[in-house]
Number of protein chains: 2
Amino acid sequence: MAKRVSHRDSMCGVARPLDAIGDWWSLLIVRDAFDGLRRFGEFQKSLGLAKNILSARLRNLLAHGIMETVPAADGSAYQEYVLTEKGRGLFPLLVALRQWGEDFFFEPDEAHVLLVDRKNGLPVRRLELRAQDGRVVGAEDTMVRLPSAS
Amino acid sequence: MAKRVSHRDSMCGVARPLDAIGDWWSLLIVRDAFDGLRRFGEFQKSLGLAKNILSARLRNLLAHGIMETVPAADGSAYQEYVLTEKGRGLFPLLVALRQWGEDFFFEPDEAHVLLVDRKNGLPVRRLELRAQDGRVVGAEDTMVRLPSAS
DNA sequence: CTCGGGTGGTTTTAATTTGAAACCATCGTG
DNA sequence: CACGATGGTTTCAAATTAAAACCACCCGAG
């Protein structure tokens with residue numbers, strides 16, 4: 001972890017999160033956690049990764065406060081891994097990733113899982129970024145501004 | 001690349017994109033591309049990564065159709081790297097990553113760059129996921145549904 | 001033309017990370 | 001208490017990443 005950022009000490013708002021979840025597996029673990037998985041063995045079976053890797057990834061997610069361990073759920077003395085609020089904050093990112101995947105990584109006729117409204121089973125809308133005035137804005141309509149100079 | 005997905009051949013809608021951009025650097029390159037960077041040297045200077053790594057990442061982004069090379073911009077015989085439509089489709093994901101980073105990786109008083117509306121300089125709103133009926137929905141309000149069985 | 005610096009890489013080699021498998025401690029049930 | 005399941009850690013080989021050296025090409029000055 002903690003790949004060095006060589007040319008500047010303070011990482012930007014995009015790079016900093018990537019230090020916490022910038023590897024293949026972490027996001028998949030988080031996604032599985034959203035799907036209700038909680039136990040070490042469940043994650044391992046679902047993702048099919050080596051136990052030492054899962055162990056390291058969970059440790060990292062814990063260290064970053066994205067997941068936490070809770071004592072039990074079914075009374076047994078084992079612990080379970082659940083998302084913190086910070087972890088649950090990754091939901092939009094996962095949706096964005098999923099929608100991008102659906103757009104560009106599946107053939108038009110290829111079946112894939114859908115993210116649907118629990119209430120009525122209808123697919124959710126597309127993620128949209130809006131300006132203060134409510135306009136939907138794309139990359140061309142935005143820019144990054146440095147922190148207001150002191 | 002192409003880390004093997006051991007337990008199931010067909011990767012899900014989240015895992016498949018991660019194969020293309022699931023490493024630290026690729027997303028940062030894409031972000032820089034959104035910021036207008038185009039040349040090999042620009043990316044290298046901005047990100048401060050080894051040239052062989054940048055070379056490999058750009059090759060990977062090209063192979064996945066996320067970026068493409070265009071002959072020139074200022075007449076010189078060099079080539080430049082620009083986002084394809086697929087690459088531009090990553091904008092919501094980058095915004096989601098940035099907003100999550102702002103929420104949880106910065107002290108409340110810590111200065112950071114803002115994503116603002118080009119038109120009036122105001123910060124953009126928060127990304128929102130809406131259901132068909134327009135309700136803003138969170139993770140608890142949604143579920144994944146398997147492709148409608150044949 | 002040719003010298004020299006800037007650009008855009010590739011090659012080489014070492015260090016780090018990943019992954020598979022074996023090992024081990026604890027839990028929980030019969 | 002025995003025994004399988006759970007939840008890891010350790011060990012070691014393989015793959016990836018990174019730093020640095022090297023190299024080819026473009027391009028302007030002389």
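So that the names make sense, note that chain A is the first sequence line, chain B the second, and so on, each numbered from 1.
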Measure the distance from [atom1] on [X] to [atom2] on [N] and round it to the nearest whole Å.
{"X": "A:Asn60", "N": "C:dT17", "atom1": "CG", "atom2": "C1'", "result": "13 Å"}
{"X": "A:Ile53", "N": "D:dA14", "atom1": "CD1", "atom2": "P", "result": "16 Å"}
{"X": "B:Leu47", "N": "D:dT17", "atom1": "CG", "atom2": "P", "result": "15 Å"}
{"X": "A:Lys45", "N": "D:dG7", "atom1": "NZ", "atom2": "P", "result": "11 Å"}
{"X": "B:Trp24", "N": "C:dT16", "atom1": "CH2", "atom2": "P", "result": "17 Å"}
{"X": "B:Leu54", "N": "D:dT16", "atom1": "CG", "atom2": "C1'", "result": "17 Å"}
{"X": "A:Asp74", "N": "C:dG28", "atom1": "CG", "atom2": "C1'", "result": "11 Å"}
{"X": "A:Gln44", "N": "C:dA21", "atom1": "CD", "atom2": "C1'", "result": "12 Å"}

Any [X] side-chain N or O less than 4.0 Å from OP1/OP2 of [N]:
{"X": "A:Ser55", "N": "D:dG8", "answer": "no"}
{"X": "B:Arg39", "N": "C:dT7", "answer": "no"}
{"X": "B:Arg59", "N": "C:dT10", "answer": "yes"}
{"X": "B:Arg57", "N": "D:dT17", "answer": "yes"}

* Close side-chain approach of A:Val70 and A:Gln79, heavy atoms under 4.5 Å -> no
* Asked: Is any side-chain heavy atom of B:Asn120 closer than 4.5 Å to a side-chain heavy atom of A:Asp133?
  ->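 Yes, at least one pair of side-chain atoms sits under 4.5 Å.
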Please list each protein N or O that sits under 3.5 Å from an N or O in nucleotides 22-27 of chain D, with the distance.
from   : atom 1 : to      : atom 2 : distance (Å)
D:dC27 : OP1    : B:Ala77 : N      : 2.7

* State yes or no: do B:Leu97 and B:Trp24 share one hydrophobic cluster built from I, L, V, M, F, W and Y residues joined by side-chain heavy-atom distances below 4.5 Å, directly or via other members? =>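 Yes; B:Trp24 is reachable from B:Leu97 via cluster members.
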* To do: Give me the ring orientation class for A:Phe105 and A:Trp100: parallel if the planes are under 30° apart, tilted from 30 to 60°, perpendicular past 60°.
  => perpendicular
* To do: Between D:dT17, D:dA19, D:dT11, spot the one nearest the side chain of A:Asn52, thanks.
  =>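 For the A:Asn52 side chain, the nearest candidate turns out to be D:dT11.
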* Asked: Taking the six-membered ring of A:Phe34, is NZ or CZ of A:Arg88 closer than 6.0 Å to its centre and within 45° of its axis?
  -> no
* So, is the end of the B:Lys51 side chain (NZ or CZ) under 6.0 Å from the ring centre of B:Phe43 and within 45° of the ring's axis? -> no
* Which is true for A:Tyr81 with a 4.0 Å heavy-atom rule: it touches a base, it touches only sugar-phosphate, or it touches nothing? -> sugar-phosphate
* To do: Could you check whether A:Gln79 gets within reach of a base, just the sugar-phosphate, or nothing at all, counting any heavy atom under 4.0 Å?
  => sugar-phosphate
* Asked: Looking at A:Gln132, A:Arg130, A:Arg135, which one forms a side-chain hydrogen bond (donor to acceptor under 3.5 Å, both in side chains) with B:Asp117?
  ->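 It is A:Arg135, the one option of A:Gln132, A:Arg130, A:Arg135 that forms the side-chain hydrogen bond (donor to acceptor under 3.5 Å, both in side chains) with B:Asp117.
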